[in-house]
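One structure below.
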There are 8 protein chains.
Amino acid sequence: MGQDADLRLDFDRAKRLGFPEIVYGESKSVDQLQRSVARFQARQQGVLISRCAPEKAAALPDSGLYDAVARTWMLQPEPPPPLPGRVAVVSAGTSDAPVVREALNTLRFLGVNALDIQDVGVAAIYRLLERLADLAECDVIICVAGFEGALASVVAGQCPQPVIAVPTSVGYGVAQNGAAALHAMLASCANGLMVMNIDNGVGAALAARRILRLLSPSQPEPQTD
Amino acid sequence: MGQDADLRLDFDRAKRLGFPEIVYGESKSVDQLQRSVARFQARQQGVLISRCAPEKAAALPDSGLYDAVARTWMLQPEPPPPLPGRVAVVSAGTSDAPVVREALNTLRFLGVNALDIQDVGVAAIYRLLERLADLAECDVIICVAGFEGALASVVAGQCPQPVIAVPTSVGYGVAQNGAAALHAMLASCANGLMVMNIDNGVGAALAARRILRLLSPSQPEPQTD
Amino acid sequence: MGQDADLRLDFDRAKRLGFPEIVYGESKSVDQLQRSVARFQARQQGVLISRCAPEKAAALPDSGLYDAVARTWMLQPEPPPPLPGRVAVVSAGTSDAPVVREALNTLRFLGVNALDIQDVGVAAIYRLLERLADLAECDVIICVAGFEGALASVVAGQCPQPVIAVPTSVGYGVAQNGAAALHAMLASCANGLMVMNIDNGVGAALAARRILRLLSPSQPEPQTD
Amino acid sequence: MGQDADLRLDFDRAKRLGFPEIVYGESKSVDQLQRSVARFQARQQGVLISRCAPEKAAALPDSGLYDAVARTWMLQPEPPPPLPGRVAVVSAGTSDAPVVREALNTLRFLGVNALDIQDVGVAAIYRLLERLADLAECDVIICVAGFEGALASVVAGQCPQPVIAVPTSVGYGVAQNGAAALHAMLASCANGLMVMNIDNGVGAALAARRILRLLSPSQPEPQTD
Amino acid sequence: MGQDADLRLDFDRAKRLGFPEIVYGESKSVDQLQRSVARFQARQQGVLISRCAPEKAAALPDSGLYDAVARTWMLQPEPPPPLPGRVAVVSAGTSDAPVVREALNTLRFLGVNALDIQDVGVAAIYRLLERLADLAECDVIICVAGFEGALASVVAGQCPQPVIAVPTSVGYGVAQNGAAALHAMLASCANGLMVMNIDNGVGAALAARRILRLLSPSQPEPQTD
Amino acid sequence: MGQDADLRLDFDRAKRLGFPEIVYGESKSVDQLQRSVARFQARQQGVLISRCAPEKAAALPDSGLYDAVARTWMLQPEPPPPLPGRVAVVSAGTSDAPVVREALNTLRFLGVNALDIQDVGVAAIYRLLERLADLAECDVIICVAGFEGALASVVAGQCPQPVIAVPTSVGYGVAQNGAAALHAMLASCANGLMVMNIDNGVGAALAARRILRLLSPSQPEPQTD
Amino acid sequence: MGQDADLRLDFDRAKRLGFPEIVYGESKSVDQLQRSVARFQARQQGVLISRCAPEKAAALPDSGLYDAVARTWMLQPEPPPPLPGRVAVVSAGTSDAPVVREALNTLRFLGVNALDIQDVGVAAIYRLLERLADLAECDVIICVAGFEGALASVVAGQCPQPVIAVPTSVGYGVAQNGAAALHAMLASCANGLMVMNIDNGVGAALAARRILRLLSPSQPEPQTD
Amino acid sequence: MGQDADLRLDFDRAKRLGFPEIVYGESKSVDQLQRSVARFQARQQGVLISRCAPEKAAALPDSGLYDAVARTWMLQPEPPPPLPGRVAVVSAGTSDAPVVREALNTLRFLGVNALDIQDVGVAAIYRLLERLADLAECDVIICVAGFEGALASVVAGQCPQPVIAVPTSVGYGVAQNGAAALHAMLASCANGLMVMNIDNGVGAALAARRILRLLSPSQPEPQTD
């Protein structure tokens, strides 16, 4: 497969880490994405492409599923075996939807059960407080927020689970590009809040997946290729 | 008064704005502060010095009152006439005390009635929710917080009054120097939150004083010198 | 209304805060905006959408009013009851018009009487000084400026009212994105200047609205839904 | 207990979150720390103070244990019940010791079993590769590194567990204050790496504690006070 | 040639430095580029244009070679004499291809023998370790990486050659624009790592060319014009 | 003079530029400063040292003049010949005194006539307007201000002369280190304002000196050594 | 002229400062520009619009002169009276052309004689040294440079005239947006270098115009309207 | 050697890279430094400690050599075998001495012949031009400069050798901490300039050492321990 010298897919990853490589589509050409998909298909493996522009998705096999909000493209020969545990994805506002959907799609791709709670930002704190009972039934909480990102502090102050905060590039002025939310989450007075890069929904899902490993440590054991 | 050419006190300010000049002590010499105090005394006016280091305060008249936490020095021949209205000063943690005390002392200097509510940060949101009834009896709310400054968003989301947010230089890492809290407050999703410079307790008190003017607009009319 | 699970409008806000939620249009889809408007209409409430792109506005009901400079879309079944008090909106240059108009439209939507004074920046200070008498008749001053934002310092130094400064993303080089004006306003030597996020005309209007509450504290009392 | 109005300890936290409040000592006075300790002692609870300067520690009860490198002060009436699970604390260099020790002491305070692997930075990658077998026996990995923080990427690329990265304020020039390491960890190409604020050893330990909850979810149930 | 007063090509450079001027195409007009090429052609010299947009390349002589990934345009009357020595160009991911190709094309233009090793980033460290033997046969290593740029630290920790690190503007959030990778490379704990500006593939190749001069110091002696 | 190989004083500067080298004392040792002074003395030339700490000044010849506020040390065998023209040095507040004095001392060292107008910041604009007539008699204006630096904009808007703005590192929060004032001055809407580095009083004086050359262009002609 | 309430042209400026207002076209609408031009024409005055996009220029009177490189539009009923003195405009590279041309056009508009020296950056220092004699015949030097902006330091080190440095937003990576050049110019070790905002060619020309006032101080005296 | 578990010296480095580990002394305790030195001595190897504070040096063996300017401590049982090649260390000003000396001491420790050329910054360009002949006899040039760092651009524009630029934290205002010089060097228009972290004299020396390997590639072959 000499023509793929520029494309060194890390098929070993599932063996090492228990979950496969997710393809970062932002800076790959259509040709590179097509060859990547073909190689996953040849191995009968599912493939998830993140940050996949619509025009790139249009050039990929019709059997794949494209989510235009999340900008993810996914192809799974068969649904993944469901994993024990449940992950809540909580967001501050409807503007956070692309990152929320990227996280949810990645969780689904990994076979993780998810609970979706949107638009519960702290400008109306009761919207969050009403959902605390639902959150209590989850093992991990992913908290997605832009602007000042205060939701993550309140959630981590109220819930005992691991909380993974994802700042989003939503807002304007000092909030532009998500730096205000990122810094607020890192500086949170709520102890033990863990933070991802801005807009990194895939990363949050993978972090949650790593954590769920504690519920079934034997599962992600090395599989033969 | 030729020897005071370097010291142009704005005695006209009370006539223009309804409140006197506050002396910024950080970069003034002991000699300059002593001469400033003398000139206010000669006019029978009270004087408030902010950011006054202990060794400078020690060189000022014994009749003044020094607050080592707030680093303010105050001398008032007689208590100011009480103004209508009430200002709440709410803070996230005990680390914010210097800024809280600077604001409270300035309010007292201006004759403003204040309510002090400390250590109600969002890591334990119930501490704030318990105090909403008390807040409802105030006309203006000053909200002081460091780290991620999320308290201001929650307060402004729950209370209809004007809310003045003061970020503090409390915290470490990305929170160091107060920039994370400042940006979070400016980016707040809670509508209508107003923000001061980092650690600016004096400014918040003066802003509140300006707002209280609406309760008695005739009061701050020009006074003859 | 199960299809609106992604859209949790805060209808409770008017009861809590005395003014309704303003819809932030930047990152909402046409479909989401249409459903939002429908839900406000179903409740016979007015609705204001900020940062509404022209192509989105074109897909909203014809009965709404679109301001292409301010990028606001507004629909009010009937004019709001006029509130006591008056707010001046002062700007440094014609380039600040979008933010000025966003603030003015929001004030109008809230029933607040406004005075509009444009293009009085400090490069020709007499233009401002000529208008001081007009400013004296207002209860709150909103000061909008880009570049170095010096206008806010001069206004706050001359006027006793609450002054709300709004930096704008006008200018180039170090002024680009409004950070120079923002920092200048926060650092202002004029005591008690309050600052909003860059370009936040809606926020300034809501802050003014909160302040005007002092003129009629009983008015914004909770209304039944 | 009226004299403690400035000190609202969150004794409810253990019930909500399963672990007690850690006292942030940086900006508290000796008097405040003494009163805090007394109140924990009155409740027969252990207390951990972070960022406790030596001169403050000297004024606290002799029965406490002070670690001058970590700057932590700890007092535990009796050792906490051991929790299931094990946490590795891996560091890049000896300069990271204060943060490593802060994390280890916090883990010990919480009853968590820890494995300490120091000085395995990527400038000599074999030092890390030699320890992969040891890491494989841990449930969570805390990775502490300054300078460019590359260790975290390599660890997360090789290990399937949850990896919590803590940048340290070690280095000079662009590395000063830890921002280079922080950004590198957030930008890591290794999927699912979670990041804490610079030097936040306490936070990393609490995050690990939250994750270990998955091994014994019933344990951190609300306890009566 | 009076019409070229705006275009002062540094034909003296080959005499001073041993390698010719590379034309920076980003901000030159088509007309300026055409005149530059004509002047190099009139001197029988090869010419390399970097950051040359496709539409500009289309207006240049057909005899030139355009690389759309690297955005370089090259015209060489005859291949340059091969220089002693060999340069490895190592990259972390396929997204770094434009910078890798810019460096490789510049090396080829200068007559330098190059080895191309792509997609060996540290998220799967074995991909790099497998290639150490190949690297051992090179005299200089150029290491190209975006995101957190950790590859450069690992390479410089394992290889004795001069290592030139080139951060790329690949990634999002804190990685956007390449600043995270740049700072990580400058802060590297691996001793003696040298760093170029973000995306500066041409510069890395020229730096390598300067270093190879040590293998044949007499070669780059001044040539007559 | 072999022992001075580390000290290459630019005695040629007066010939080239019309004014002598000013010695930057910040990072020079006492020994280096002593040798510098000796060499100027040997040539019968005056010498000015800026940023000279008190303990360094104490080790220099008694015949020199030390200004502890400006931190300048000056030794002039005889007063310089007075130059035509006059420079105003205007400052916003008493906190700017060190920079004002550094500029004034440098002007005096160069033989330039100066007018000193302090403490006329825009928080009380009338203080400046009262002095416009005095300013009208100067050829160049140096404007020194910290905090938001708005004074420079107002001066340049009212006065036709060249205006040189010097931001000072006065203030706290976003003003700390002078960056807010620097950016405001660079972004000034007042056309033609020229800006120096933060706290650069020496530079402003030398810039003014260069400008005054237009009043007597023949004067700064090369002088024999 | 009620329809021009949004457009307060500062016709008084020529009287105050000796030169007219330059219209900043970036954020003005075509309608506003047309009305501005009409009002200048009605007064028989020349008008210069900077940062005027081609499509805006196309809608202005044909009698105006548009420079697409500089993006300036100029209309002068008759050439301005020539002023005494001469200004050199020196640039580092051809990429700086837009700023160079903006400065040259502004000088021409003001009646200032200019010398244009392009593409003499320090990567080939002899190109500058060859032109020192030409520079010696000018009264003021404007130095335009992007990337690292080193040209300004060398010029100011060699020439006794006032030197006005203009950083340009030319370059990539850390040079992007001109911040690297701006900081280098402000930090210059060459004494007395004055700096403008990034890309501010108009400002540099007006600063030079202010300086030339010293050659003919009586000329810019107030003129009757 | 169980008591040294916290101190994993990389004795393998000389075998891998051809030069030994340099000990970074900044954040190591006296005890750690003493044990490090003892272990090097036990192996009969020389040891160099950088950033070694005077009080730490005082606690190390008397046989070592301390340089208080460079803050290096060195102990070599016997002088290293001299390497072929020569490295020039060029600096802009006397303030750069600590970094220059750190680089020179490291070169000496490695057995590299060095030429020291100080205080030839571009404010007086002839000082550099006079030394070009000396530079021509060196194989590598290390260029050390603070403030705006322009020296590196001029050197790289005139000399064909590899040029390693080291920005220093010399200067004030925007130059403070060395960021202005760092960015200017990275943005240099002089092709092929390589850059180190701020103040990284050790790194520059090691980079030069790596480059000199091309003169004797067989020398740094793996040595048995």
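Order of the sequence lines sets the chain letters (A, B, ...), proteins ahead of strands, with each chain counted from 1.
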- prompt: Can you name the nearest heavy-atom pair linking E:Val122 to D:Ser153, along with the distance?
  reply: CG2-CB, 3.8 Å
message: I'd like to check the side chain to side chain donor-acceptor pair (under 3.5 Å) partners of D:Ser27; sequence neighbours left out, ordered by chain and number.
response: B:Ser95
task: Measure distances from D:Leu182 to the heavy atoms of chain E and classify the residue's part below 4.5 Å as side chain, backbone, both or neither.
output: neither
- prompt: When rounded to the nearest 0.5 angstrom, what distance separates OH in D:Tyr126 from CG in E:Leu129?
  reply: 14.0 Å
- request: Pick one of side chain, backbone, both or neither for E:Leu193, based on which atoms fall under 4.5 Å of a heavy atom in chain D.
  value: neither
message: Looking at chain D, which one of E:Ala180, E:Ala145, E:Ser188 has the largest number of heavy-atom pairs inside 4.5 Å, strictly under?
response: E:Ser188
message: Minimum heavy-atom separation for D:Ala190 and E:Ala123, please, with both atom names.
response: CA-CB, 4.1 Å
message: Can you list everything that forms a side-chain contact (heavy atoms from CB on, under 4.5 Å) with D:Arg101? Sequence neighbours excluded, please.
response: D:Asp67, D:Val69, D:Ala70
statement: Heaviest contributor of heavy-atom pairs below 4.5 Å to chain E, chosen from D:His183, D:Glu148, D:Gln176, D:Met185, is D:Glu148
